[in-house]
Amino acid sequence: MDIPLACQEQLLPGADLIDKYALAVSLGYQGIELRGRGDLALARRLPELRRAHAAGVVTPTVCVEMDHFIGDFDPDRSRDAVRNLRSQLSVIAELGGVGAMTPAAWGMFSRRLPPFEPPRSPADDRRVLVDALGELGEHARAEGVTLFLEPLNRYEDHMVNRLDQAVELCRAVGSPAVRVAADTYHMNIEEDDPCAALRAAAPYLGHVQVSDSNRLQPGAGHLDWAALLGTLDDLGYPGWLALECRLRGEPVAALRQAATALRRSGQPRRAAA
């Protein structure tokens, strides 16, 4: 499989990023996806991150990890999410990375649970998201990186659940620095045909996070990895695969299983080409 594979930092045992990266490489990964907490936490880690970068640690992307996001119903919390993402984009740019990703929101509201109707209209949801993505896209463009919008499943967010919804927002923003992040776990719930969804989103697809159907490591569920990776290969997908999952079993063995499952699933189509 030619697509580079990253592992999120919290999944890797190790005293620091340098130790984690050495383990990751030994298991078949090429990079570490960082986690970006609130209160500008990633910027406060810059001394650590600079040391790791100088030691050769590859950190292509950062995944936001906060308790509020750009689509928050509270304008102050939405603005704070934008502020944090601007900082994360600047940090990942300094590290020579590709970009940062965020959902519209996580855990804020679901139409599948009471009270079923959110306190803001769909038109206002869209306005808030387009405004935030537009600002972040300008900042990302200036920094030479990309912001990735990740759809989440219907139980975790009510605004952006499918790749086509994220693509529509990217089109509305109109910035080449705002693209879509696909997550195979959420796609397993929301997309009628995950491979067709990837093909339709291809012009806007910039990042892919991977976990199996049960949110465990690839190989522990029932996703068709050969079909998914074959589709990305056919599309000439230019980005990374980043492991974002829970681990079943001993962590190092589980991480090895994930890398092996993805590599094996990516081999047959390439061998036949």
Closer than 4.0 angstrom, basic N to acidic O: yes or no for Glu138 and Arg141? yes
CG of Asp74: more than 12 outside heavy atoms within 6.0 angstrom? yes
Quick check: do Leu5 and Cys7 have side-chain heavy atoms less than 4.5 Å from each other? no
Check: Gln217 side chain, Arg248 main-chain N or O, donor-acceptor pair, under 3.5 Å: yes
Is it true that, when you exclude Arg83 itself, more than 12 heavy atoms of the residues, nucleotides or ligands shown sit nearer than 6.0 Å to its CZ? yes
If we ignore hydrogens and angles and just use 3.5 Å, is the side chain of Glu9 paired with the main-chain N or O of Leu17 as donor and acceptor? no
Determine the sole option in Val25, Leu23, Leu12, Val58 for which the side-chain contact (heavy atoms from CB on, under 4.5 Å) test with Ile32 is passed. Leu12
On a heavy-atom basis, the closest approach of Asp72 and Met108 is CA-SD, 3.4 Å
Is it the case that over 12 heavy atoms from other parts of the model lie below 6.0 angstrom from the CG atom of Asp39? no
Side chain of Gln30, backbone of Gly28: donor and acceptor closer than 3.5 Å? yes
Got a donor-acceptor contact below 3.5 angstrom from the Asn153 side chain to the His186 backbone? no
Closest non-hydrogen atom pair, Pro13 against Leu255: CD-CD1, 4.3 Å
Who are the ring pair (Phe, Tyr, Trp, His ring centres under 6.0 Å) partners of Tyr155, not counting sequence neighbours? none
Does atom CZ (Arg120) have a neighbourhood of more than 12 heavy atoms from anything else shown, all under 6.0 Å? yes
Let's go through Gln165 and Glu190 carefully: what are the C-alpha distance in whole Å and the side-chain angles of both, what is the deciding distance for side chain to side chain contact (heavy atoms under 4.5 Å, CB included) to 0.1 Å, and is it a yes or a no? CA-CA 11 Å; Gln165 294 172 317; Glu190 295 296 339; over 6 Å; no
Could you walk me through whether Asp183 and Arg215 pass the salt bridge (charged side-chain N to carboxylate O under 4.0 Å, His left out) check? CA-CA 10 Å; Asp183 184 303; Arg215 204 38 154 174; 3.2 Å; yes
For Ile70 and Ala132, work out which heavy atoms get closest and say how close. CB-CB, 3.9 Å
Donor on one side chain, acceptor on other, Ser90 and Glu143, under 3.5 Å: yes
Under the ring pair (Phe, Tyr, Trp, His ring centres under 6.0 Å) rule, collect the residues that match up with Phe109, sequence neighbours excluded. His158
Side-chain donor-acceptor contacts of residues 60-69 below 3.5 Å, not counting sequence neighbours, with atom names and distances?
{"residue": "Thr61", "atom": "OG1", "partner": "Glu33", "partner atom": "OE1", "Å": "2.7"}
{"residue": "Glu65", "atom": "OE1", "partner": "Arg35", "partner atom": "NE", "Å": "3.4"}
{"residue": "His68", "atom": "NE2", "partner": "Asp80", "partner atom": "OD2", "Å": "2.7"}

